[in-house]
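Proteins get letters first, then strands, A, B, ... in listed order; numbering begins at 1 in each. Side-chain atoms are counted along with the backbone in the values below, which use heavy atoms only and exclude waters and symmetry mates.
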Amino acid sequence: MKYWLMKSEPYAYSITDLEREGVTMWDGIRNYEARNFMRDRMTPGDRALFYHSNVKPPCIVGEMEVCSEPYPDPYQFDPESKYFDESSSQSDPRWILVDLKYVRTFPHSVSRDELKEDSLLKDMVLFTRNRLSITPVTKEEYERVLELANVT
DNA sequence: GCCAACGTTGGC
DNA sequence: GCCAACGTTGGC
C-alpha cells in the first residue's frame with residue numbers, strides 16, 4: 001500500500017462534499033507529474049490525505065482511499081467544460097484520473113504550520129514541491145499525521 | 001489581494 | 001532548442 005497527499009480548494013470540492021457523496025472522480029488535474037502519480041503509481045487500496053488548500057489555515061482534514069483503476073478524465077472531451085482539452089483524443093487520452101472513496105474526517109485538522117513544526121513532517125514533499133497538487137507521502141509520515149490528527 | 005514559484009506556450 | 005511572455009497555484 002502506498003500513501004499520498006491530494007490538494008483541493010474546499011470551495012471547489014471539500015471533505016464534506018466527499019463525505020456526502022462517498023466516492024468522487026479526482027477530475028481536473030492538468031499537471032503531468034500529478035497525472036503520472038494517478039496513472040502510473042496509484043493502485044486501489046492506497047491511502048490519501050485530503051488537504052484543503054487556499055484557505056486559512058491550509059490543513060489536512062481527513063483521509064480517503066483509492067478505489068478505482070486509472071481511467072480517462074471525461075471532462076477533457078467536453079467542449080463545455082473548463083477542463084476541455086482539444087488536443088486530447090478518445091484513442092489517446094491525455095488526462096487520467098482515479099476515484100477516491102471517503103474514509104474519515106479527522107477529529108483534529110492538521111494545519112500546514114503544525115506539519116512544518118514537526119521534525120518528522122517538515123521535509124514532506126508537500127514542502128519541497130511547491131504547487132504540486134498530488135504528492136507522495138511515506139508510511140512514517142502518514143502515521144505521524146494520524147497521530148497529530150488524534151486518530152486512535 | 002499580492003506575488004513568488006514554476007509549468008506551458010510559441011516566436012525565433 | 002532557447003527563452004520571454006504568460007497563466008496558474010497557493011501561501012501569506
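A sub-4.0 Å separation between OP1 or OP2 of C:dG10 and a side-chain N or O of A:Tyr11 is absent. Side-chain N/O atoms of A:Arg94 include none lying less than 4.0 angstrom from OP1 or OP2 on B:dT8.
A:Phe127 comes within 4.0 angstrom of nothing in the nucleic acid, heavy atoms only. Residue A:Asn130 is in sugar-phosphate contact alone, with no base atom involved, counting any heavy-atom pair closer than 4.0 Å across all strands shown.
Taking atom CG of residue A:Asp85 and atom P of nucleotide C:dT8, one finds them 14 Å apart after rounding to whole Å. Whole-Å rounding puts the A:Ile29 CD1 to B:dG7 P distance at 15 Å. Atom pair A:Leu126:CG and C:dT9:P shows a separation of 16 Å (rounding to whole Å applied). Taking atom CZ of residue A:Arg129 and atom P of nucleotide C:dG10, one finds them 12 Å apart after rounding to whole Å. Counting to the nearest Å, the P atom of B:dG7 and the CD1 atom of A:Ile134 are 15 Å from each other. Between A:Asn54 atom CG and C:dC12 atom P there is a gap of 11 Å when expressed in whole angstrom units. Counting to the nearest Å, the P atom of C:dT9 and the CG atom of A:Leu132 are 12 Å from each other. Taking atom NZ of A:Lys7 as the reference point, atom C1' of C:dT8 lies 12 Å away to the nearest angstrom.
In this structure, A:Asn31 and A:Lys56 both approach DNA chain B, and ranking their closest nucleotides by distance from the 5' end singles out A:Lys56.
For the pair A:Gln76/A:Arg30, a side-chain contact is recorded, criterion being any heavy-atom separation below 4.5 Å from C-beta on. Contact of the A:Arg144 side chain with the A:Met124 side chain is not registered, since no non-hydrogen atoms from C-beta on lie closer than 4.5 Å. Looking only at side-chain heavy atoms (C-beta outward), A:Leu132 and A:Phe37 come within less than 4.5 Å of each other.
The stretch residues 110-125 of chain A comes close to DNA chain C through A:Arg112, A:Lys116, each having a heavy atom under 4.0 Å from the strand.
A salt bridge is defined here as a Lys NZ or Arg NE, NH1 or NH2 lying under 4.0 Å from an Asp or Glu carboxylate O, and A:Asp73 with A:Arg35 fails to meet this definition.
A:Tyr142 and A:Glu63 share a donor-acceptor pair across their side chains, judged by distance under 3.5 Å alone. A side-chain donor from one of A:Tyr51 and A:Arg112 sits under 3.5 Å from a side-chain acceptor of the other. No side-chain donor-acceptor contact under 3.5 Å links A:Tyr83 and A:Asp78.
Residue-to-nucleotide contacts include a donor-acceptor pair under 3.5 Å from the side chain of A:Arg131 to the base of C:dT8.
Side chain of A:Tyr32, nearest nucleotide from B:dT8, C:dG11, C:dT9: B:dT8.
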